[in-house]
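Scroll down for the structure; my scribbles are underneath it.
Numbers restart at 1 for each chain; the letters A, B, ... are given by sequence-line order, proteins then strands.
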2 protein chains.
Amino acid sequence: MPNLRIPLRFQLLTARISSVSTKRISAALDDTSKAIIEQLQRDGRRSYAEIGKAVGLSEAAVRQRVQKLTDAGVMQIVAVTDPMRLGFSRQAMLGIRVSGDTRIVADLLAEMSEISYVVLSAGSFDIIAEVVCEDDDGLIELLNEKIRGIEGVSSTESFLYLQLTKQKYDWGTR
Amino acid sequence: MPNLRIPLRFQLLTARISSVSTKRISAALDDTSKAIIEQLQRDGRRSYAEIGKAVGLSEAAVRQRVQKLTDAGVMQIVAVTDPMRLGFSRQAMLGIRVSGDTRIVADLLAEMSEISYVVLSAGSFDIIAEVVCEDDDGLIELLNEKIRGIEGVSSTESFLYLQLTKQKYDWGTR
DNA sequence: ACTGAAAACCAAGATTT
DNA sequence: AAATCTTGGTTTTCAGT
């Protein structure tokens with residue numbers, strides 16, 4: 001069973017890869033599969049029959065394709081919550097410089113509930129992390145009490161979010 | 001009808017807000033709703049009956065709550081595709097400095113299909129953007145031919161992804 | 001494509017706050 | 001009174017053959 005506490009892409013990249021092997025599907029989805037995915041991107045609970053009508057397939061055929069796509073880890077149907085709607089209104093991207101093993105620091109960051117995104121990167125930052133806090137106080141506290149206290153963190157730089165202009169997850173279908 | 005080409009949070013933040021007013025739910029979800037959301041984060045197509053069994057509610061009650069949560073924009077059930085699985089293996093975060101109106105540049109970036117994420121930020125970068133390309137050539141081309149050519153982009157800095165350590169979307173339920 | 005089983009839907013009615 | 005949950009009957013979908 002995959003670790004389900006971190007749902008979307010992270011899960012796709014880790015848990016699933018182990019079981020399905022690293023076969024790459026490339027952009028080799030046919031138009032019908034793309035159309036099915038598009039339907040489900042609009043509404044993940046749309047019925048197979050309805051999707052079938054839209055893409056010109058029988059209900060059963062749609063169901064089989066959806067099964068295949070999810071089994072292969074190409075697609076996942078999940079609920080996503082909106083931090084803003086839940087009172088987490090202060091977001092920021094952090095650039096972090098590390099002395100020592102970046103993976104150890106990244107793992108510590110990943111354990112923090114306020115941190116939604118952690119990547120190891122090449123460039124003038126070793127780690128990039130996204131934080132989601134209720135307010136400025138939460139962010140200040142997180143930075144000073146938790147992040148800067150991590151052994152090996154030599155400096156951090158914050159980029160407060162002013163406005164989220166775009167976010168998408170629909171690779172391969174457009 | 002909301003613009004569905006940009007599915008998740010962006011949609012939640014824009015299209016939905018207009019119709020539902022800006023009421024904030026705060027962390028005021030009761031435990032039952034949280035439990036329902038958790039179920040759907042594991043599998044967005046789990047049946048209402050099954051969820052009901054898990055959270056101690058009737059099938060109809062679960063359906064009503066899910067309806068409310070999605071109508072309120074707290075949650076959305078969608079298909080998410082994995083860029084890696086589809087052959088987009090080179091990702092990077094870009095820090096962009098802009099002279100002039102950052103929103104205009106951000107909108108231009110948002111139109112590019114390789115760019116998955118755009119935020120206006122305060123700090124030493126005016127815009128932060130995530131790019132997802134098939135390979136290094138794609139990234140180089142994007143940077144030089146498209147991004148650096150935008151009027152008002154004064155400098156860019158790239159942070160290539162080495163490893164995605166964490167990604168989550170489940171605010172409010174943990 | 002067909003079929004039994006399951007789930008979703010709908011409309012009241014009951015219960016809670 | 002308003003919101004929320006349950007129940008029972010009906011339609012639709014699901015999953016296996």
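- Ring geometry for B:F125 versus B:F159: interplanar angle over 60°, hence perpendicular rather than tilted (30 to 60°).
- For B:K68, a side-chain nitrogen or oxygen approaches OP1 or OP2 of D:dT4 to under 4.0 Å.
- Taking 4.0 angstrom as the limit, A:R63 places none of its side-chain polar atoms (N or O) nearer than this to OP1 or OP2 of D:dG16.
- Electrostatic pairing of B:D43 and B:R45 does not count as a salt bridge here, judged by no charged N lying under 4.0 Å from a carboxylate O.
- Note on A:S47: a side-chain N or O is less than 4.0 Å away from OP1 or OP2 of D:dT13.
- Distance, A:E59 CD to C:dA7 C1': 13 Å, rounded to whole Å.
- For the residue pair A:Y48 and A:Q64, no side-chain donor N or O sits within less than 3.5 Å of a side-chain acceptor on the partner.
- Atom P of nucleotide D:dT13 and atom CG of A:L57 are separated by 16 Å, given to the nearest angstrom.
- Protein atom CZ of B:R65 is 14 Å distant from nucleotide atom P of D:dA3, rounded to whole Å.
- At whole-Å resolution of the value, CZ in A:R46 and C1' in D:dT12 are 17 Å apart.
- Taking atom CG of B:D30 as the reference point, atom C1' of D:dT4 lies 11 Å away to the nearest angstrom.
- Between A:Y48 atom OH and D:dT12 atom C1' there is a gap of 15 Å when expressed in whole angstrom units.
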Let me have the donor-acceptor pairs involving side chains of residues 139-148 of chain A, under 3.5 Å, with sequence neighbours excluded, atom names and distances please.
| unit_1 | atom_1 | unit_2 | atom_2 | d |
| --- | --- | --- | --- | --- |
| A:N144 | OD1 | A:R148 | NH1 | 3.0 |
| A:N144 | ND2 | A:I140 | O | 3.2 |
| A:K146 | NZ | A:E114 | OE1 | 3.4 |
| A:R148 | NE | A:T156 | OG1 | 3.1 |
| A:R148 | NH2 | A:T156 | OG1 | 2.8 |

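- Of the candidate nucleotides C:dA8, D:dC5, D:dA15, C:dA8 has the atom nearest to the side chain of B:A49.
- One can place CD1 of B:I51 at 15 Å from C1' of C:dA6, the figure rounded to the nearest angstrom.
- Straight-line distance from the CG atom of B:L29 to the P atom of D:dT4: 13 Å, rounded to whole Å.
- Pairs of residues two or more places apart, or lying in two chains, never qualify as ring-ring contact (aromatic ring centres under 6.0 Å, His included) while including a residue from residues 52-85 of chain A.
- At a threshold of 4.0 Å, the pair B:D136-B:R90 counts as salt-bridged, since one of the basic side-chain nitrogens sits closer than that to a carboxylate oxygen.
- Electrostatic pairing of A:R65 and A:D30 counts as a salt bridge here, judged by a charged N lying under 4.0 Å from a carboxylate O.
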- For nucleotides 11-17 of chain C, just jot down a letter per nucleotide in 5' to 3' order: B, S or -, based on protein non-hydrogen atoms under 4.0 Å. -------

